[in-house]
Amino acid sequence: GIQVEQSPPDLILQEGANSTLRCNFSDSVNNLQWFHQNPWGQLINLFYIPSGTKQNGRLSATTVATERYSLLYISSSQTTDSGVYFCEITQGGSEKLVFGKGTKLTVNP
Amino acid sequence: DSGVTQTPKHLITATGQRVTLRCSPRSGDLSVYWYQQSLDQGLQFLIQYYNGEERAKGNILERFSAQQFPDLHSELNLSSLELGDSALYFCASSPRLAVYTQYFGPGTRLTVL
């Protein structure tokens with residue numbers, strides 16, 4: 001089946017720093033989403049982005065489907081950005097959904 | 001608050017038992033998804049229903065089954081429970097058949113003793 005790899009697995013930042021999280025996938029995808037799981041376990045949708053670039057405040061995302069990767073940018077990080085960031089894809093040709101293993105982000109004050 | 005509700009929040013049961021987890025999607029959403037999150041397996045897609053019909057299957061065990069009712073709420077039934085079934089079970093909903101934006105419920109934490 002399709003492989004979804006996220007990097008880095010762990011990231012520790014000081015408040016105010018910028019970061020880039022990466023999601024690589026091994027085959028064509030129909031859909032791609034980025035989620036944030038906060039320290040209380042709640043999963044929150046950040047972007048639906050099968051291709052192109054989107055921005056929402058300090059967060060932006062870019063997916064280059066032809067090269068099979070997506071990037072999530074976090075600027076001016078805040079302690080509330082801490083948690084785990086997941087990408088989820090829908091495999092091309094099927095409707096199976098696959099999550100990456102996530103990037104655990106810790107933002108220190 | 002995503003608008004997706006799940007009950008119960010916590011469930012503690014014994015091996016061999018059967019439990020039912022319930023999910024109510026956001027108002028107007030026709031698609032419901034179930035996921036399992038465990039420390040060793042991460043987030044795993046189990047099954048999707050759309051307007052009462054099964055739409056896609058992931059890594060769902062044969063001991064598990066689900067259904068979506070005419071009022072669009074969904075139930076996930078887990079039977080012959082094993083210790084390894086202990087996990088956080090999430091439900092998500094989305095408005096359309098194709099996944100656009102998924103909204104996740106708070107999850108049900110299942111502990112099998």
Side-chain angles (χ1 to χ4, degrees), chain A residues 1-7 9-10 21 23-25 27-52 54-56 59 61 63 65 70 72 83-104, chain B residues 1-6 8-10 23 25-26 29-51 53-60 66 86-111:
Chain A
I2 191 169
Q3 303 297 312
V4 181
E5 294 183 2
Q6 291 188 243
S7 59
D10 294 278
L21 283 58
C23 173
N24 290 336
F25 38 95
D27 205 343
S28 63
V29 298
N30 291 335
N31 299 301
L32 188 145
Q33 299 181 79
W34 282 97
F35 293 90
H36 174 223
Q37 187 169 35
N38 64 27
W40 297 271
Q42 178 67 42
L43 278 158
I44 299 163
N45 187 290
L46 298 175
F47 294 102
Y48 166 77
I49 186 163
S51 63
K54 288 187 178 180
Q55 180 155 9
N56 184 3
L59 274 60
T63 298
S70 183
L72 177 69
V84 183
Y85 289 81
F86 292 100
C87 68
E88 182 194 37
I89 61 94
T90 308
Q91 188 171 355
S94 80
E95 294 182 54
K96 281 193 174 182
L97 296 117
V98 181
F99 268 92
K101 293 189 182 301
T103 291
K104 183 178 180 182
Chain B
D1 184 356
S2 67
V4 179
T5 60
Q6 290 187 247
K9 287 186 179 178
H10 302 276
C23 168
R26 292 188 327 149
D29 284 2
L30 298 178
S31 237
V32 170
Y33 312 77
W34 286 98
Y35 294 83
Q36 179 194 61
Q37 186 176 32
S38 61
L39 282 175
D40 54 343
Q41 296 288 329
L43 268 161
Q44 300 273 322
F45 166 64
L46 296 179
I47 198 163
Q48 177 199 1
Y49 278 82
Y50 176 77
N51 204 19
E53 300 289 325
E54 182 185 304
R55 186 69 194 179
K57 251 184 178 179
N59 302 323
I60 188 166
S86 295
L88 195 52
Y89 290 84
F90 285 105
C91 162
S93 73
S94 69
R96 300 180 185 86
L97 185 61
V99 173
Y100 284 89
T101 299
Q102 286 176 304
Y103 298 89
F104 277 77
T108 293
R109 182 166 294 283
L110 173 66
T111 302

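Please read all numbers here as calculations on a predicted model, not as lab measurements. By convention in this document, chain letters (A, B, ...) are assigned in the order of the sequence lines, proteins followed by strands, and residues within each chain are numbered from 1. As a basis for the values below, the full set of heavy atoms in this structure was taken, side chains included, without hydrogen atoms, waters or symmetry mates.
When heavy atoms are compared at a cutoff of 4.5 Å, B/Y103 does not approach chain A at all. Proximity to chain A is absent for every atom of B/Q44, based on heavy atoms less than 4.5 angstrom apart. Within the 4.5 angstrom heavy-atom criterion, no atom of A/F47 approaches chain B.
A cation-pi arrangement is absent between B/R55 and B/Y50 under the rule of less than 6.0 angstrom and at most 45 degrees off the ring axis.
With sequence neighbours excluded, the residues satisfying ring-ring contact (aromatic ring centres under 6.0 Å, His included) with A/Y85 are A/H36.
Annotation: side chain of B/W34 is in contact with side chain of B/C23 (closest heavy-atom distance under 4.5 Å).
Here A/F35 and B/F104 bring their ring centres to under 6.0 angstrom of each other.
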